[in-house]
Amino acid sequence: MQAGKLNKVIQLLTPTVSVNEYGEQVQSYKVRKETRASVDYAGGSRGISNDEIVYSYQKEFKVRNHVDVAETDIIQYNNKKWRILSIEPIPEWQEKKINTELINE
């Protein structure tokens, strides 16, 4: 991994579940770590789900090998949240390749 390619700042969010005053479980996200990454476009499409147009975008983030990231985490980049689909360590390049999809909110 070349250090100059890590030119974007991303935030790793961890989901936390709390109970509100009505007894409902509410999921919120807490910023766990902010790090630098390389961001590549991996694809996108448009589809219809429940009579609604849904845009499915995918990105590939590459971070250093020492960054602690789990598949349950969420990546926030450019004020959008990305769901982690897979994490692939690449030891010969000392990096992790993270495949994600855009969360439609």
Side-chain angles (χ1 to χ4, degrees):
M1 159 98 17
Q2 296 174 349
K5 289 187 177 182
L6 301 175
N7 55 359
K8 308 293 184 199
V9 176
I10 63 171
Q11 293 178 332
L12 296 174
L13 307 175
T14 301
T16 57
V17 177
S18 60
V19 178
N20 64 8
E21 62 270 7
Y22 300 109
E24 298 174 325
Q25 291 185 349
V26 179
Q27 186 173 15
S28 61
Y29 297 101
K30 177 182 166 190
V31 177
R32 184 169 52 92
K33 186 173 183 95
E34 188 170 290
T35 187
R36 300 183 73 77
S38 169
V39 181
D40 295 326
Y41 177 75
S45 64
R46 183 178 83 165
I48 297 176
S49 175
N50 296 331
D51 295 328
E52 207 175 293
I53 296 176
V54 177
Y55 296 96
S56 173
Y57 294 113
Q58 298 174 349
K59 286 202 185 286
E60 180 180 280
F61 296 90
K62 291 181 182 174
V63 296
R64 289 281 188 189
N65 207 16
H66 65 82
V67 175
D68 184 30
V69 60
E71 289 183 348
T72 57
D73 291 343
I74 300 291
I75 293 178
Q76 184 167 349
Y77 170 68
N78 278 351
N79 295 324
K80 294 183 180 176
K81 292 182 178 150
W82 299 84
R83 178 181 302 111
I84 295 176
L85 299 175
S86 66
I87 301 171
E88 179 183 348
I90 305 172
E92 54 270 5
W93 288 96
Q94 298 174 355
E95 68 183 16
K96 290 180 183 176
K97 183 168 72 169
I98 305 168
N99 294 315
T100 63
E101 69 178 356
L102 181 64
I103 297 174
N104 293 316
E105 293 184 30

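Being a predicted model, the structure only gives us computed values, none of them experimental. Throughout, numbering of the chain's residues begins at 1 and tracks the sequence. Side chains are part of it too, since the values below use all heavy atoms of this structure and drop only hydrogens, waters and symmetry mates.
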List the residues meeting side chain to side chain donor-acceptor pair (under 3.5 Å) with E88, not counting sequence neighbours, and say none if there are none.
none
Residues sharing V17's hydrophobic cluster, by side-chain heavy-atom contacts under 4.5 Å among ILVMFWY, directly or via others?
none
Could I get the full list of side chain to side chain donor-acceptor pair (under 3.5 Å) partners for S86, not counting sequence neighbours?
N99
Calculate, to the nearest 0.5 Å, the distance between atoms CD1 and CD belonging to I98 and E60 respectively.
10.0 Å
Passing option when T100 is tested against I75, L85, V39 for side-chain contact (heavy atoms from CB on, under 4.5 Å):
I75
ILVMFWY cluster membership beyond V31 - transitive side-chain contacts under 4.5 angstrom
L13, Y29, I74, I103
Check side chain to side chain contact (heavy atoms under 4.5 Å, CB included) between K80 and all other residues, then give those that pass, not counting sequence neighbours.
W82, L102
Nearest non-hydrogen partners of A70 and I84, listed with the distance:
O-CD1, 3.4 Å
Under 3.5 Å, is there a donor-acceptor pair between the E34 and Q11 side chains?
yes
Counterpart residues, side chain to side chain donor-acceptor pair (under 3.5 Å), relative to E71 (two or more places apart)
none
Closest non-hydrogen contact found for Y77 with I10 is CD1-CG2, 3.9 Å
Could you pull out all residues at least two apart from T72 that satisfy side chain to side chain donor-acceptor pair (under 3.5 Å)?
none
Test: salt bridge (charged side-chain N to carboxylate O under 4.0 Å, His left out). Region: residues 38-52. Which pairs qualify, not counting sequence neighbours?
none
Could you tell me which residues satisfy side chain to side chain contact (heavy atoms under 4.5 Å, CB included) with D68, sequence neighbours excluded, listed by chain and number?
R32
Looking at every heavy atom in both R36 and L6, which two are closest together, and how far apart are they?
NE-O, 3.1 Å
Please list, chain by chain and in numerical order, all residues satisfying side chain to side chain contact (heavy atoms under 4.5 Å, CB included) with V67, sequence neighbours excluded.
L12, K33, T35, V63, R64
Output, in order, the C-alpha distance, side-chain angles, deciding distance and verdict of side chain to side chain contact (heavy atoms under 4.5 Å, CB included) for N65 and K96.
CA-CA 5 Å; N65 207 16; K96 290 180 183 176; 3.7 Å; yes
For residues 17-31, pull every pair meeting salt bridge (charged side-chain N to carboxylate O under 4.0 Å, His left out), keeping only residues two or more places apart or in separate chains.
none
Just checking Q27: does its CD atom have more than 12 heavy atoms from other residues, nucleotides or ligands closer to it than 6.0 angstrom?
yes
